[in-house]
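Only heavy atoms go into these numbers, but all of them, side chains included; no hydrogens, no water, no symmetry mates.
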Amino acid sequence: MKLFFKLLAVVLLVCSFTPDKKELDTAVKILAKTLNSKEIVLQKDGDYFIINNKSKSVGKLFFRKLTPKAETFTYFLTIDNEGKIIKLQITDYPSQHGVRITSRNWLDQFTNKAPASENFESSIDGVSGATLSVKALVKDIKEVTRP
């Protein structure tokens, strides 16, 4: 019975979710700017979206929710076909504690890094006041991008 509750807690704390139209539109807009293209199209494929640019697959887009302690935050992650991060964006972070995790400067350190690499976790700088959020985010990125 204890194992059941532990597994249930993991499912509730880390999960994919289906974004609404506004979240999808925001992701497409950010990707279009990042990839310098006006021809971004998303195609749903299980728990993620395939990112197409000019009818060519350029990567995957994941929408995720995390609850590292008390409050849930959401993010989207895009990776290219080689497994490197294109863009990481925190879309909703309701806590004021550790809010620096949402800053563009901090998030940019993920760009072009491969979550499958051995030194991925050690290459990410922490954030004072957001230790649990950072650890949960890095761990989730590694898990969601695992081949």
Side-chain angles (χ1 to χ4, degrees), residues 3-4 6-95 98-127 130-147:
L3 179 60
F4 169 76
K6 285 181 182 178
L7 290 173
L8 179 62
V10 169
V11 170
L12 292 175
L13 295 178
V14 179
C15 65
S16 296
F17 70 97
T18 302
D20 61 25
K21 183 175 178 356
K22 183 179 176 185
E23 290 167 317
L24 282 171
D25 289 345
T26 299
V28 168
K29 185 176 179 181
I30 290 169
L31 282 171
K33 185 176 179 182
T34 301
L35 299 173
N36 196 23
S37 174
K38 294 181 181 179
E39 299 180 42
I40 301 296
V41 176
L42 301 179
Q43 177 185 345
K44 183 85 167 131
D45 188 9
D47 288 342
Y48 60 88
F49 291 84
I50 296 172
I51 305 165
N52 293 301
N53 184 9
K54 299 178 184 173
S55 301
K56 181 182 173 193
S57 172
V58 295
K60 297 176 183 175
L61 168 66
F62 301 88
F63 285 90
R64 306 285 289 171
K65 286 186 181 188
L66 290 176
T67 308
K69 191 172 181 182
E71 294 192 68
T72 300
F73 71 92
T74 60
Y75 74 95
F76 76 76
L77 170 73
T78 56
I79 60 167
D80 65 20
N81 291 330
E82 286 77 43
K84 290 186 178 177
I85 295 173
I86 299 170
K87 190 76 165 179
L88 173 62
Q89 182 78 39
I90 306 292
T91 55
D92 182 33
Y93 192 84
S95 177
V99 74
R100 195 170 141 241
I101 192 175
T102 65
S103 82
R104 187 75 264 144
N105 287 337
W106 186 79
L107 292 169
D108 282 346
Q109 71 179 312
F110 288 85
T111 303
N112 291 320
K113 291 194 178 169
S117 70
E118 286 183 28
N119 66 341
F120 176 69
E121 290 176 65
S122 63
S123 72
I124 303 301
D125 293 332
V127 173
T131 303
L132 295 175
S133 295
V134 170
K135 286 182 178 183
L137 179 63
V138 170
K139 181 179 178 186
D140 192 53
I141 290 170
K142 283 188 72 74
E143 288 177 14
V144 77
T145 58
R146 186 177 303 147

*Under 3.5 Å, is there a donor-acceptor pair between the side chain of Asn52 and the main chain of Gln43?*
no
- Message: Do Ile141 and Leu88 make a side-chain contact, defined as non-hydrogen atoms from C-beta onward lying under 4.5 Å apart?
- Response: yes
Lys54 and Ser37 have their tightest heavy-atom pair at CE-OG, 4.3 Å
request  = Report the C-alpha separation of Glu143 and Arg146 in whole Å, then their side-chain angles, then the decisive distance to 0.1 Å, and conclude whether the side chain to side chain contact (heavy atoms under 4.5 Å, CB included) test is met.
outcome  = CA-CA 5 Å; Glu143 288 177 14; Arg146 186 177 303 147; 3.7 Å; yes
Side chain to side chain contact (heavy atoms under 4.5 Å, CB included) filter on Asp92, not counting sequence neighbours, yields Thr74, Pro94
Here the gap from Asn36 atom CG to Leu31 atom CG, rounded to the nearest 0.5 Å, amounts to 12.5 Å
Heavy-atom nearest pair, Ile101 first then Ile90, reads O-CG1, 3.7 Å
Heavy-atom closest pair (Ser95 atom, Glu71 atom, distance to 0.1 Å) is CB-OE2, 3.4 Å
Residue pairs meeting salt bridge (charged side-chain N to carboxylate O under 4.0 Å, His left out), one or both in residues 27-40, sequence neighbours left out, come to none
Between Lys113 and Ser123, the two heavy atoms sitting closest are NZ-O, 2.9 Å
Checklist entry - Parallel under 30°, tilted from 30 to 60°, perpendicular over 60°: which one fits the rings of Phe49 and Phe63? => result perpendicular
* Asked: Can you check whether Asn81 reaches Ser57 side chain to side chain, under 4.5 Å on heavy atoms?
  -> yes
Contacts of Val138 meeting side chain to side chain contact (heavy atoms under 4.5 Å, CB included) (sequence neighbours excluded), chain-then-number -> Phe110, Phe120, Glu121, Ile124, Val134
